Colleague: 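Sharing a structure, written as structure tokens. Questions coming.
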Amino acid sequence: IYVDEEYLSSAPSDDYKGETSLCKSISKAFKEGKDVGHPSNTNSDETYNIRLFSEDYAGLYYNVVFTSAMGRYYLIDRATGKAVYAPDDVVVRMVG
């Protein structure tokens with residue numbers, strides 16, 4: 001979930017701040033991360049679809065897959081197929 005910075009200043013809790021930082025972390029991973037190739041033998045018990053909703057276009061979202069394979073965690077861009085290693089903060093949020 002992405003929350004506009006203006007709303008964060010009046011938010012009743014810090015929950016949104018954590019979620020927004022995770023969205024930014026995922027975005028940064030795809031922008032700066034090297035494509036490591038699609039992992040094989042993924043663990044279906046640790047595979048999740050993440051929908052990042054568009055800030056500019058209501059109703060549109062960006063679909064990312066979080067998955068694991070052989071002890072590593074990945075993010076996969078469903079549109080381009082690019083796979084990157086998942087940042088630690090995303091791993092902690094998704095699987096503890």
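All values reported here derive from a predicted model rather than from experimental measurement.
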Colleague: Could you go through I26 and L75, starting from their C-alpha distance and side-chain angles, then the distance that decides it, and tell me whether this counts as side chain to side chain contact (heavy atoms under 4.5 Å, CB included)?
Modeller: CA-CA 8 Å; I26 290 169; L75 293 171; 4.0 Å; yes
Colleague: With sequence neighbours left out, what residues match S44 under side chain to side chain contact (heavy atoms under 4.5 Å, CB included)?
Modeller: none
Colleague: Rounded to the nearest 0.5 Å, how far does NZ of K82 lie from NZ of K31?
Modeller: 11.0 Å
Colleague: Is there a path of hydrophobic side-chain contacts, each under 4.5 Å between heavy atoms, that joins V91 and M70?
Modeller: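 Hydrophobic grouping puts V91 apart from M70.
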Colleague: Quick one: name the residues clustered hydrophobically with V92, using the 4.5 Å side-chain heavy-atom rule over I, L, V, M, F, W, Y, and just say none if it's on its own.
Modeller: none
Colleague: How many angstroms lie between CZ in R72 and CG in N43, if you round to the nearest 0.5 Å?
Modeller: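 Output value for this atom pair is 15.5 Å.
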Colleague: Using every non-hydrogen atom in the two residues, find where T42 and A69 come nearest and quote the distance to one decimal.
Modeller: CA-CB, 4.1 Å
Colleague: Take V64 and F30, measure what side chain to side chain contact (heavy atoms under 4.5 Å, CB included) needs, and give me the verdict at the end.
Modeller: CA-CA 10 Å; V64 174; F30 281 112; 3.8 Å; yes
Colleague: Would a single hydrophobic cluster contain both I50 and V65, if residues Ile, Leu, Val, Met, Phe, Trp and Tyr are joined by side-chain heavy-atom contacts under 4.5 Å?
Modeller: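 Shared cluster, no.
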Colleague: Would you find a donor on one side and an acceptor on the other, under 3.5 Å apart, between the side chain of S27 and the backbone of C23?
Modeller: no
Colleague: Look up atom CG in L22 and atom CE in M94, then write down how far apart they are to the nearest 0.5 Å.
Modeller: 9.5 Å
Colleague: Please enumerate all residues that pass side chain to side chain contact (heavy atoms under 4.5 Å, CB included) together with S25, with sequence neighbours excluded.
Modeller: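 Side chain to side chain contact (heavy atoms under 4.5 Å, CB included) check on S25 returns P87, D89, V90.
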Colleague: Could you tell me which residues satisfy side chain to side chain contact (heavy atoms under 4.5 Å, CB included) with A83, sequence neighbours excluded, listed by chain and number?
Modeller: D35, V36, P39, I76
Colleague: Just jot down the side chain to side chain contact (heavy atoms under 4.5 Å, CB included) partners of N63, sequence neighbours excluded, or say none.
Modeller: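 In terms of side chain to side chain contact (heavy atoms under 4.5 Å, CB included), with neighbours along the sequence ignored, N63 is linked to N49, R51, Y61, R78.
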Colleague: Enumerate the ring-ring contact (aromatic ring centres under 6.0 Å, His included) contacts for residues 73-96, please, sequence neighbours excluded, ordered by first and then second residue.
Modeller: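 Residue pairs passing ring-ring contact (aromatic ring centres under 6.0 Å, His included), neighbours aside: F66-Y73, Y74-Y85.
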